[in-house]
Amino acid sequence: SRGNIWIGLQDFSLSCYERQRATFQNFFFEKKEGEGAAREGFVMSMCEDRRGRLWRADFYSGISVYDPLQNKFIRTAAKQGTGNRPLESIRTLARDSLGRMWAGSFKHGLFTFDTLQRRWASYQSNDTSLGGNTIKEIVVAHDGVIWVATWGGGLKRIDPVSGAVTTLRAHPGARPE
């Protein structure tokens, strides 16, 4: 992020090595709610959005976003479009070619945030072909396709424009569903 190196530490903090100044800046996360502080938890994933803000995925309490202009993290909350499902137990983050942020959770499915419309949407095994609500990893390919590894639901291919989900199985000779 902006030439800096971010490191998630076991004590629930983050360290940012600022290369230009050759110094570290530390961020400690408090239990308090609201603006200016993220809740505590292990850092599982980090990803920068197209505005240069660093998204921090936390296994215990969700997502917080670092705004470099304010020099602070702001915790996100479930928004319209998630079906009031919690944005917690986040395991993995990714940014797609359209600038959307993707968040995969443990047991709560897959979420996407449209950074232009500032709106959340969700993929769940009970209302899509996701096939499993535990997301192991999200990878965005060079062609813009979103690949999602699920626990028990196989590998998913999501078309970035239509949102269509295709399942790929690991057994020989299997064809996409």
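The shown structure was predicted, so the numbers you read here are calculated from the model rather than taken from an experiment. Sequential numbering from 1 along the given sequence is applied to the chain's residues. FYI, side chains are in, hydrogens and waters are out, and symmetry mates aren't considered; it's all heavy atoms of this structure.
- With hydrophobic clusters built from ILVMFWY side chains whose heavy atoms lie under 4.5 angstrom apart, Leu155 shares a cluster with Val145.
- Under the ring-ring contact (aromatic ring centres under 6.0 Å, His included) rule, Trp55 has a single partner from Phe113, Tyr66, Trp102, which is Phe113.
- The aromatic rings of Trp120 and Phe111 sit perpendicular, their planes meeting at an angle over 60°, well past the 30° parallel limit.
- Of all non-hydrogen atoms in Pro68 and Gly52, the two that sit nearest each other are CG-O, 3.8 Å.
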For this session: Could you check Thr112 against Asp114 for side-chain contact (heavy atoms from CB on, under 4.5 Å), going step by step and ending with a plain yes or no?
Result: CA-CA 7 Å; Thr112 182; Asp114 186 321; over 6 Å; no
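- The shortest side-chain heavy-atom distance between Phe106 and Asn133 does not fall under the 4.5 Å cut-off.
- With sequence neighbours left out, Ser162 forms a side-chain hydrogen bond (donor to acceptor under 3.5 Å, both in side chains) with Asp159.
- Residue Thr167 holds its OG1 atom at 2.5 Å from NZ of Lys156, rounded to the nearest 0.5 Å.
- Looking only at atom types and distance, the side chain of Gln25 has a donor-acceptor partner in the side chain of Asn71 under 3.5 Å away.
- Pairs engaging residues 97-110 under the salt bridge (Lys or Arg N to Asp or Glu O under 4.0 Å) rule: Asp96-Arg100 [sequence neighbours left out].
- Residues meeting the side chain to side chain contact (heavy atoms under 4.5 Å, CB included) test with Leu69, sequence neighbours left out: Asp67.
- Put simply, OG on Ser45 and CZ on Arg91 are 11.0 Å apart, with the number rounded to the nearest 0.5 Å.
- For residues 13-26, every residue pair satisfying the salt bridge (Lys or Arg N to Asp or Glu O under 4.0 Å) rule, not counting sequence neighbours, is listed here: Glu18-Arg21.
- Considering every non-hydrogen atom in both Glu48 and Arg95, the closest pair reads O-NH1, 3.2 Å.
- Taking all atoms of both residues into account, the shortest heavy-atom contact from Ile90 to Ala57 is CG2-CB, 3.4 Å.
- Each salt bridge (Lys or Arg N to Asp or Glu O under 4.0 Å) pair with one or both residues in residues 136-150, not counting sequence neighbours, would appear here, but there are none.
- Between Thr115 and Arg50 there is a side-chain heavy-atom pair separated by less than 4.5 Å.
- Between Leu93 and Ala103, the shortest heavy-atom distance links the atoms CD2-CB, 3.8 Å.
- The two residues Ile135 and Gly109 have their closest heavy-atom pair at CG1-O, 3.5 Å.
- Atom CG of Leu168 sits about 7.0 Å away from atom OG1 of Thr166, to the nearest 0.5 Å.
- In this structure, Tyr17 has its ring center no closer than 6.0 Å to that of Trp6.
- A distance of 11.0 Å separates OG in Ser15 from CD1 in Ile5, rounded to the nearest 0.5 Å.
- Partners of Gln20 according to the side chain to side chain contact (heavy atoms under 4.5 Å, CB included) rule, which considers only residues two or more places apart in sequence or in another chain, do not exist here.
- The CD1 atom of Ile138 sits 5.0 Å away from atom CG of Leu110, with the distance rounded to the nearest 0.5 Å.
- Residues passing the salt bridge (charged side-chain N to carboxylate O under 4.0 Å, His left out) test with Asp49 are Arg53, sequence neighbours excluded.
- The side chain to side chain contact (heavy atoms under 4.5 Å, CB included) check on Ser97 picks up nothing, with sequence neighbours excluded.
- In this structure, Ser105 OG and Met44 CE are separated by 11.5 Å, a value rounded to the nearest 0.5 Å.
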